[in-house]
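Worksheet for the structure shown next.
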Amino acid sequence: MMTFGDAISHRDRYTWLAGIGLALFAFGLTLWFNPAFVALFSHSPAVLKWTTSFGMGLLVLMMVCVFGLAANKVRGARIARENMGQLQALLASVPHLTDILQAHLGVTNSTTEAAALAILLGLTEVEAEAARLLAIQDAGKVRSASLYGKAQALIDESTQHLKDMEIHRCQRALRVEEEGAAIQSIVTQVAELKASTHAIREVTKMTNLLALNATIEAARAGTAGRGFAVVAAEVRNLSKQIEAAAVQIEKSIGQVADTVNNQFVAMLEQHSNDEARWLATLGSTMSRLSGDYQVAVGELDGVTQHTRAAVSSIRNAILDVLGQAQFQDVTRQQIEHVQSGLAMCGQRMTDAQQGMTCDWAAPLDIAPMDGVIETLRVSYTMQSQHATHDVVAGGQASVVENERPSIELF
Amino acid sequence: MPKTILIVDDSATMLMSIKATLEMSGFRVETAGDGMQAMTKLKAGVKPDLIITDINMPNMGGLELIKHVRALPGFRFTPILTLTTESQAAKRDEGKKLGATGWLVKPIAGSDLVKVIKQVVPGA
């Protein structure tokens, strides 16, 4: 293929040859039609003949130059048409390239937007989880205060119960001691009374025996002893009545002793019942306290679980946000490819512009953007870039990479 | 004792993102901006339990790094994962041939990355 430089040298050669031929032709005509020149060589036909031949030669040379110039003109017109065609093809292919680059930028824009939205969503989730965590903490704080107040009341109540029981226990010990002493005194007195009644009964027995003896002696005395016998009978009756009274007194003393004893036992039982009641109340209070404590522990466990879940959720959201930040590396590479495409396009335009400023008739080495587009396609690293390119360019889709997973362990 | 992971990538965003993700998951992380820096660290005595490398990097790319790492004494069985936007099957096959343990395509979710690490690093 003829270069632009070759075209210039050919054109210059033809121009110089045409100029020389024209100059010689003009010189030959001047000599030929000059009468002085003809007269000068009239005596020498050979010189005239050679001069004439030289002029004809010059004429032929001139014809060749004119033909060459005409051919060059025709060729220049053809090259110009070809150059125009190349420029048209170049300009026509520019929109194709810009469509592809626009599509890449569109994908980049979508990627950026999707990542930004995902990051915002992640941050929103983090904020929501943090708010939920705070609400849980606040609720736990309120509930803890409530449980603390309740537990404090139960503890105060238990303390009061213990104080009351201690007072009661002291009073009871004092009362038991006092009442025991009184009862002991009564028992002693009753024992003394029983001894007295025993003595009375002994005296009565003796009196009865004496009365019996008196009756016997009165009967032995006969009439003289009849009055004495009556007295003796009365004494015996009196003695029986006294014995009956003594028996009754002894029986009453026994009943009094039993009553006192029973009351003492009842008093002791009463004290025991009081203590049992106090202890039952205290046990109930402690049971409620234990129940509340279990509730508090359960709620604390619930708060801990909620907190753990919220923190885990926040951690996952942050991990997702960190993953989304990788979009920058992806879009950076997408933009670098667009920059590369634009640079190649700009270079191609600069080449065309420089070629046109030299000589329009010279052939330009301008190719359409197809080469740039193919270079761009080959340089892609991401499947999404191939897909975008293929959609816009309508070329061959690279399906092989589609079959490979994004996570592949060898 | 936390496992140590060396991340090699020329993107500061990627380094920061992956480093934070792995540190949150309990790993110790070393970073390098390209294959050359990574080799310097390994030769200086850093002994990672796993290397995660990008493929397209200045000075020394990921595939060349894998080749050099496998030639180092004591790194024959160290797991090496690639983390790249590169999707060409030929590059994957070359990585596998050079001794890569797995091929991960960016972007990857943090939870997925941690799962893969637990698969390839014993005791992680």
Side-chain angles (χ1 to χ4, degrees), chain A residues 104 107-108 110-112 114-116 118-119 121-122 126 311-337 340 377-390 397-410, chain B residues 7 9-26 54-58 61-62 66 79-121:
Chain A
H104 281 308
V107 171
T108 305
S110 301
T111 306
T112 307
I119 288 170
L121 189 64
V126 168
V311 169
S312 175
S313 182
I314 287 172
R315 182 176 168 278
N316 288 336
I318 289 173
L319 280 177
D320 286 344
V321 168
L322 287 170
Q324 291 297 336
Q326 296 173 29
F327 87 92
Q328 192 277 335
D329 191 43
V330 174
T331 55
R332 174 180 65 82
Q333 294 186 43
Q334 289 171 333
I335 290 171
E336 279 175 0
H337 277 92
S340 170
R377 193 187 70 77
V378 170
S379 70
Y380 295 144
T381 59
M382 286 174 258
Q383 179 57 34
S384 62
Q385 289 176 310
H386 284 287
T388 303
H389 184 103
D390 293 340
S398 47
V399 293
V400 178
E401 283 77 6
N402 275 333
E403 297 168 1
R404 306 291 285 264
S406 59
I407 296 175
E408 185 178 10
L409 295 180
F410 300 135
Chain B
I7 309 170
D9 203 305
D10 59 327
S11 162
T13 311
M14 280 301 296
L15 285 180
M16 187 177 282
S17 163
I18 302 298
K19 184 172 189 282
T21 300
L22 297 184
E23 283 180 345
M24 277 181 70
S25 302
D54 190 13
I55 289 298
N56 301 312
M57 291 182 290
I66 295 171
I80 303 176
L81 293 172
T82 63
L83 180 56
T84 175
T85 57
E86 185 63 66
S87 62
Q88 292 182 51
K91 288 276 181 74
R92 287 195 190 204
D93 293 338
E94 190 181 351
K96 183 180 177 182
K97 190 178 166 188
L98 289 171
T101 311
W103 194 276
L104 314 178
V105 178
K106 294 176 186 174
I108 183 169
S111 52
D112 289 340
L113 180 61
V114 172
K115 266 188 218 167
V116 172
I117 290 172
K118 287 184 175 173
Q119 274 182 273
V120 300
V121 178

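Every chain is numbered from 1 and lettered A, B, ... according to where its sequence line falls, protein lines coming before strand lines.
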[X] side, atom [atom1]; [Y] side, atom [atom2] - distance, nearest 0.5 Å:
{"X": "F410(A)", "Y": "L81(B)", "atom1": "CZ", "atom2": "CG", "result": "9.5 Å"}
{"X": "Q333(A)", "Y": "E86(B)", "atom1": "CD", "atom2": "CD", "result": "8.5 Å"}
{"X": "Q385(A)", "Y": "T85(B)", "atom1": "CD", "atom2": "OG1", "result": "7.0 Å"}

Taking everything shown except M16(B) itself, do over 12 heavy atoms lie less than 6.0 Å from its CE?
no
Got [X] and [Y] here, is their nearest side-chain heavy-atom distance under 4.5 Å?
{"X": "E408(A)", "Y": "V105(B)", "value": "no"}
{"X": "M24(B)", "Y": "L322(A)", "value": "yes"}
{"X": "T21(B)", "Y": "Q326(A)", "value": "no"}

State, to 0.1 Å, how close Q383(A) and S87(B) come at their nearest heavy-atom pair, and which atoms those are.
N-OG, 3.1 Å
Residues P405(A) and R92(B): closest non-hydrogen pair is O-NH1, 2.8 Å
Winner by heavy-atom pair count (cut-off under 4.5 Å) against chain B, out of [options]:
{"options": "D320(A), L319(A), N316(A)", "value": "L319(A)"}
{"options": "I407(A), V330(A), D329(A)", "value": "D329(A)"}
{"options": "G323(A), S406(A), S384(A)", "value": "S406(A)"}

Pick one of side chain, backbone, both or neither for [X], based on which atoms fall under 4.5 Å of a heavy atom in chain A.
{"X": "I55(B)", "answer": "neither"}
{"X": "A12(B)", "answer": "neither"}
{"X": "S25(B)", "answer": "both"}
{"X": "L113(B)", "answer": "neither"}
{"X": "T101(B)", "answer": "backbone"}
{"X": "V114(B)", "answer": "neither"}

For chain A, which candidate among [options] shows the most heavy-atom pairs at distances under 4.5 Å?
{"options": "P107(B), A109(B), S111(B)", "answer": "P107(B)"}
{"options": "K106(B), K96(B), K91(B)", "answer": "K96(B)"}
{"options": "G95(B), A20(B), G110(B)", "answer": "A20(B)"}

